[in-house]
**Student:** 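One structure is given below, represented as structure tokens, and several questions about it will come after.
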Amino acid sequence: MKQKLVTLLQQSVEALKSEGILEQELSPKINIDHTKDTRHGDFSTNLAMILAKSAKTNPRQLAEKIISSLPEDSTVSKVEIAGPGFINFFINADAQFQIIGQIHNAGNKFGLSDIGAGKKVQVEFVSANPTGPLHVGHGRGAAYGSAVADLLQAIGYNVSKEYYVNDAGRQMDILATSIWLRYLEECGELITFPSNGYRGEYIREIAFSIHKKAGNEYRHPSELVIEHIPDDEPQGGDKEIHIDALIDRAKTLLGSSLYHDIFQAGLSVILGDIKQDLEEFGVTFQEWFSERTLMEDGSVKEALKRLDKEGYLYQKEGATWFSSSKLGDEKDRVVVRDNGQSTYFASDIAYHMNKLDRGFDQIINIWGADHHGYIPRVKAAMQALGADDSKLNVLLVQFAVLYRGKEKVPMSTRSGEFVTLRQLRSEVGKDAARFFYVMRKSEQHMDFDLKLATSKTNENPVFYVQYAHARVCSVLRQLDEKGWKRDLLLGMENLNLLTEDHETALITTLSKYPGALERAALQYEPHQLIHYLRELANNFHTYYNAHQFLTDDATLRNARLNLICAAKQILANGLTLLNINTPESM
RNA sequence: GUCCCGAUAGCUCAGCUGGAUAGAGCGGCCCCCUCCUAAGGGGCAGGCCGGGGGUUCGACUCCCUCUCGGGACGCCA
């Protein structure tokens with residue numbers, strides 16, 4: 001409908017050009033908006049106000065001329081000038097009704113489009129270190145990332161969802177060592193657990209199962225384990241030095257093969273847990289990309305070689321630096337440490353090189369907001385690799401701050417004191433969790449009150465939307481119980497009986513769905529879709545309370561049924577896209 | 001100190017790439033089930049859109065500045 005009005009206005013502008021009223025080279029962007037107030041018609045444009053200056057006349061006069069050279073069209077019943085120079089369009093009711101038939105014909109495909117034209121987009125998200133279960137902070141990234149990806153898919157992009165697994169590096173060594181120490185405890189050794197180790201209960205569980213399976217195979221006396229190890233922080237030492245020494249000790253005592261066993265056991269259990277957790281949350285990935293493979297297959301070396309070849313690497317103080325400051329970063333960054341190990345950032349450069357090589361037209365990274373300082377250096381790396389860094393789009397997600405009532409819940413992965421995504425799901429359910437997470441703008445701080453979210457009294461907006469869907473289903477069941485049958489054709493032929501204010505409002509809202517979906521997708525703002533669905537549900541509930549659908553008059557009844565079934569379809573399309581269930585009864 | 005994000009009703013937040021009288025939910029008060037699930041609906045009260053400048057026909061929206069919150073600034077990942 002919008003497109004149609006744009007075309008009509010374009011024709012009018014062309015006509016005015018040839019009359020010499022408007023300048024030839026003018027090609028204004030034509031803006032059509034839904035009106036907020038029905039007294040202003042259905043659509044409006046600010047075209048006259050935009051062009052008034054260059055046409056050297058006032059907006060209302062110009063609007064007059066635009067209207068008079070507007071071609072006749074059967075869908076437009078009235079055109080008015082209002083306010084400072086808005087041109088308001090009133091659409092024929094018959095044309096408005098068409099949306100119901102369109103929704104019925106397209107079904108669950110209604111709203112989908114090919115705006116993306118099949119362009120390849122990669123969305124990388126969650127990518128939490130596999131050192132423990134996902135917590136509620138990761139949950140937000142998961143919900144947001146999958147929503148963004150699914151929305152882009154819906155408007156015709158070819159989307160690939162990916163999880164980058166940080167299965168290399170010091171954190172993983174700390175994990176392996178933590179497991180080993182718990183294992184030693186399991187064997188009966190007396191161990192003072194490092195303050196910097198992973199303290200979660202899941203570590204003990206992994207240790208327990210290793211002990212159960214392998215007995216004392218990995219056991220060493222605690223005296224040997226702690227011999228000459230520098231003090232931990234509580235004893236006045238440095239916790240980092242302490243844990244690094246323990247890692248070295250683990251590697252020495254166990255040897256690389258046995259150490260790798262422990263490492264691998266930890267990784268596979270935790271990663272398996274994460275995968276299952278996400279799957280139950282309705283989040284799936286095409287690719288789980290391992291950081292370690294980048295190191296093992298030489299990609300990291302290759303990436304550094306390319307940077308070196310372009311003259312972006314130099315040596316200083318025993319380390320290798322990338323001169324990212326030449327490319328917009330605030331300072332240069334180390335890529336190979338003085339101990340010969342490459343940094344996390346080096347892996348990241350290789351990873352993005354890999355993404356580029358895979359030929360994505362657009363790369364979207366979803367990161368926690370605390371990583372925003374990384375954006376310039378990654379973009380710098382992409383430029384250094386000869387790529388267009390505008391291909392990379394980093395979306396930031398603020399952490400959710402948890403509250404229990406008025407009390408802030410402290411969270412730290414190390415201390416093991418955190419609320420997991422799994423706990424959240426079991427308490428509030430998948431639907432509520434996803435809905436809540438995506439309800440807010442991603443870069444907005446979010447207060448997540450567990451008490452409120454876990455309370456059985458439902459102030460939860462997800463039910464409001466789901467209930468609208470269930471209510472339509474209920475009406476259809478009632479129809480059946482009354483021994484009536486739905487007559488689709490009869491309803492379609494009598495849509496013109498839908499003249500109540502509530503009905504036109506609902507129809508208008510339905511017609512906004514494709515636009516809402518498109519905007520939500522292109523702006524990476526799934527919350528816009530949520531807001532749309534709430535508006536739609538509200539329109540429906542109001543209508544439901546004001547009018548009886550199952551009237552004795554079969555023509556009116558079937559017309560109304562067609563309308564509410566269209567509403568049901570859109571509710572289902574939107575909720576399904578967000579991976580939220582559409583219950584038939586509640 | 002530099003950078004990022006935020007500041008809108010008592011609370012939590014929207015405000016659709018600058019538009020007409022700033023909205024919703026919750027909380028408060030008042031109404032609506034002989035009627036398709038009241039997990040619903042209707043109404044009332046509640047706002048210097050953080051302050052101040054600027055651009056514009058027009059600003060919650062864009063620019064500058066200040067104030068106040070949150071976060072980031074490692075040879076950690």
Side-chain angles (χ1 to χ4, degrees), chain A residues 29 31 33-37 39-40 44-46 49-50 52-53 58-59 82-86 88 128-129 131 166 168-172 174 240 291 316-321 330-331 333-339 341-345 347-348 368-376 396 398-399 401 439-449 452 457-461 463-464 466-468 470-479 481-482 512 515-516 518-520 522-523 525 527-528 530-532 534-535 537-538 540-551 560-561 564 585-586:
Chain A
K29 184 167 172 273
N31 245 324
D33 281 317
H34 282 277
T35 54
K36 280 182 197 155
D37 191 325
R39 283 174 302 180
H40 300 138
S44 77
T45 180
N46 56 1
M49 290 183 284
I50 291 172
K53 200 173 225 177
N58 76 55
F86 288 105
N88 292 337
N129 284 354
T131 53
N166 292 116
R170 182 164 169 266
Q171 293 306 321
M172 290 304 294
I174 294 177
E240 305 291 347
E291 177 186 4
K316 194 179 89 182
E317 293 160 8
T320 306
W321 296 70
E330 58 182 17
K331 59 182 187 181
R333 309 290 173 178
V334 171
V335 285
V336 183
R337 279 181 269 174
D338 56 6
N339 66 7
Q341 276 193 313
S342 60
T343 60
Y344 169 86
F345 178 46
S347 299
D348 240 8
D370 55 333
H371 282 67
H372 89 265
Y374 265 77
I375 300 172
L396 300 176
Q398 289 285 349
F399 290 131
V401 182
M439 201 166 65
R440 307 276 170 77
K441 265 205 295 225
S442 67
E443 69 262 32
Q444 189 95 28
H445 295 99
M446 179 163 126
D447 289 341
F448 206 131
D449 186 346
L452 189 83
T457 61
N458 277 312
E459 294 152 357
N460 206 325
F463 291 111
Y464 183 79
Q466 288 181 320
Y467 184 40
R471 265 186 157 171
V472 179
C473 296
S474 172
V475 171
L476 294 176
R477 282 193 298 272
Q478 293 287 326
L479 177 78
E481 281 167 26
K482 290 191 188 219
K512 289 181 185 173
E518 180 187 324
R519 258 197 314 278
L522 289 176
Q523 295 174 18
E525 292 188 345
H527 78 273
Q528 288 193 33
I530 295 267
H531 282 279
Y532 170 83
R534 291 176 77 171
E535 186 192 335
N538 179 35
F540 171 77
H541 286 308
T542 309
Y543 179 36
Y544 179 97
N545 270 53
H547 299 284
Q548 189 77 13
F549 306 148
L550 300 179
T551 57
R560 287 185 168 169
L561 286 172
I564 65 169
S585 69
M586 292 175 73

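Lettering of chains follows the sequences in order, A, B, ..., and the numbering in each one begins at 1.
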**Student:** State the pairing partner of B:rG25; accept Watson-Crick or G-U wobble contacts with both distances under 3.5 Å, and report none otherwise.
**Tutor:**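 Check on B:rG25: paired to B:rC11, both distances under 3.5 Å.
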
**Student:** Can B:rC11 be described as syn, meaning its chi torsion is within 90° of 0, or is it anti?
**Tutor:**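 Chi for B:rC11 falls in the anti range.
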
**Student:** Choose from B:rG41, B:rC13, B:rA72 the nucleotide whose nearest atom is closest to any side-chain atom of A:Asp370.
**Tutor:**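 Nearest listed nucleotide: B:rA72.
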
**Student:** Does A:His531 stack onto the base of B:rA24, taking stacking as ring centres under 5.5 Å apart and planes under 30° apart?
**Tutor:**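 By the stated criterion, A:His531 and B:rA24 do not stack.
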
**Student:** Would one find a side-chain N or O of A:Arg471 under 4.0 angstrom from OP1 or OP2 of B:rA39?
**Tutor:**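 No, because none of the side-chain N or O atoms of A:Arg471 sits under 4.0 Å from OP1 or OP2 of B:rA39.
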
**Student:** Could you let me know what B:rU2 is paired to, Watson-Crick or G-U wobble, both distances under 3.5 Å, or none if it's on its own?
**Tutor:**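 In the structure as shown, B:rU2 has B:rA72 as its Watson-Crick or wobble partner.
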
**Student:** Can you tell me the distance, in whole Å, between the OH atom of A:Tyr543 and the C1' atom of B:rU37?
**Tutor:**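 Distance check: A:Tyr543 OH to B:rU37 C1' gives 18 Å.
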
**Student:** Under a 3.5 Å cut-off for both distances, is B:rA39 Watson-Crick or wobble paired, and to whom?
**Tutor:**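 WC or wobble partner does not exist here.
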
**Student:** Give me the distance, rounded to whole Å, that separates B:rG51 from B:rU8 when you measure between the C1' atoms they each carry.
**Tutor:**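 About 15 Å, rounded to a whole number of Å.
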
**Student:** Do A:Glu240 and A:Arg170 sit within salt-bridge range, that is, some charged N less than 4.0 Å from a carboxylate O?
**Tutor:**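 Yes.
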
**Student:** In this structure, how many angstroms lie between the C1' atom of B:rG15 and the CD atom of A:Gln528, rounded?
**Tutor:**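 The distance from CD of A:Gln528 to C1' of B:rG15 comes to 10 Å, rounded to the nearest Å.
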
**Student:** In whole angstrom, give the distance that lies between atom NZ of A:Lys316 and atom C1' of B:rC75.
**Tutor:**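 The distance from NZ of A:Lys316 to C1' of B:rC75 comes to 11 Å, rounded to the nearest Å.
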
**Student:** Between A:Tyr544 and B:rG42, does any side-chain N or O lie under 4.0 Å from OP1 or OP2?
**Tutor:**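 Checking A:Tyr544 against B:rG42: no side-chain N or O falls below 4.0 Å of OP1 or OP2.
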
**Student:** Report the nucleotide, chosen from B:rU37, B:rG19, B:rC75, that has the shortest atom-to-atom distance to any side-chain atom of A:Ser585.
**Tutor:**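 For the A:Ser585 side chain, the nearest candidate turns out to be B:rU37.
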
**Student:** From the list B:rC13, B:rC36, B:rG74, which nucleotide is the closest neighbour of the side chain of A:Leu550?
**Tutor:**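 Taking heavy atoms from C-beta onward, the closest nucleotide is B:rC36.
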
**Student:** What's the gap between B:rA24 and B:rC49 when it is taken at their C1' atoms, as a whole Å value?
**Tutor:**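 One C1' to the other, the span is 16 Å.
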
**Student:** Can you identify which nucleotide, out of B:rG41, B:rG15, B:rC75, has its nearest atom closest to the A:His541 side chain?
**Tutor:**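 The nucleotide sitting nearest to the side chain is B:rG41.
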
**Student:** Please pick, from B:rU17, B:rU37, B:rG19, the nucleotide with the shortest atom-to-atom distance to any side-chain atom of A:Ser474.
**Tutor:**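 Among B:rU17, B:rU37, B:rG19, the one nearest the side chain of A:Ser474 is B:rU37.
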
**Student:** Should A:Val334 and A:Phe345 be marked as a side chain to side chain contact (heavy atoms under 4.5 Å, CB included) after you check the CA-CA gap, both sets of side-chain angles, and the distance that decides it?
**Tutor:** CA-CA 8 Å; A:Val334 171; A:Phe345 178 46; over 6 Å; no

**Student:** What's the CD1-P distance between A:Ile375 and B:rU2, to the nearest Å?
**Tutor:**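 Those two atoms, CD1 and P, are 20 Å apart.
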
**Student:** Can you check the distance between B:rC13 and B:rA22, where both ends of the measurement are the C1' atom (answer in whole Å)?
**Tutor:**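 So the two C1' atoms sit 14 Å from each other.
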
**Student:** Could you let me know what B:rA20 is paired to, Watson-Crick or G-U wobble, both distances under 3.5 Å, or none if it's on its own?
**Tutor:**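 WC or wobble partner does not exist here.
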
**Student:** Between B:rU12 and B:rG1, how far apart are the C1' atoms? Round to whole Å, please.
**Tutor:**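 To the nearest whole Å, 34 Å.
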
**Student:** Which nucleotide in the set B:rC4, B:rG15, B:rG41 lies at the smallest distance from any side-chain heavy atom of A:His372?
**Tutor:**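 Looking only at side-chain atoms, A:His372 lies closest to B:rC4.
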
**Student:** So which nucleotide from B:rG25, B:rC36, B:rG41 ends up closest to the side chain of A:Thr542?
**Tutor:**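 Comparing B:rG25, B:rC36, B:rG41 against the side chain of A:Thr542, the answer is B:rG41.
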
**Student:** In whole angstroms, how far is the C1' atom of B:rC26 from the CZ atom of A:Phe463?
**Tutor:**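 Whole-Å distance recorded here is 16 Å.
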
**Student:** When rounded to the nearest Å, what value does the distance between P atoms of B:rG43 and B:rA59 take?
**Tutor:**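 It comes out at 30 Å once rounded to the nearest Å.
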
**Student:** Where the side chain of A:Tyr464 is concerned, which of B:rU12, B:rG40, B:rC36 is the nearest nucleotide?
**Tutor:**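 Of all the options, the side chain of A:Tyr464 is nearest to B:rG40.
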
**Student:** For the residue pair A:Phe549 and A:Tyr544, categorise the inter-ring angle as parallel (less than 30°), tilted (30 to 60°) or perpendicular (more than 60°).
**Tutor:**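 A:Phe549 and A:Tyr544: perpendicular rings.
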
**Student:** Quick one: which of B:rG19, B:rG6, B:rG15 gets closest to the side chain of A:Glu443?
**Tutor:**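 Minimum distance to the A:Glu443 side chain belongs to B:rG6.
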
**Student:** For B:rG47, which nucleotide is its Watson-Crick or G-U wobble mate, given both distances must be under 3.5 Å?
**Tutor:**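 The base-pairing partner of B:rG47, which may sit in any strand shown, does not exist here.
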
**Student:** Tell me whether the side-chain N/O atoms of A:Lys36 come closer than 4.0 Å to OP1 or OP2 in B:rA20.
**Tutor:**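 True: A:Lys36 side-chain N/O within range (under 4.0 Å) of B:rA20 OP1/OP2.
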
**Student:** So which nucleotide does B:rU34 pair with, by the Watson-Crick or G-U wobble rule with both distances under 3.5 Å?
**Tutor:**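 By the stated definition (distances under 3.5 Å), nothing pairs with B:rU34.
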
**Student:** Does the side chain of A:Lys331 come within less than 4.5 Å of A:Arg333's, by heavy atoms?
**Tutor:**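 They are in contact (side-chain heavy atoms under 4.5 Å apart), so the answer is yes.
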
**Student:** Could you tell me which nucleotide pairs with B:rU61 by Watson-Crick or G-U wobble geometry, both distances under 3.5 Å, or answer none if nothing does?
**Tutor:**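 Paired with B:rU61, as far as the under-3.5 Å criterion goes, is no nucleotide at all.
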
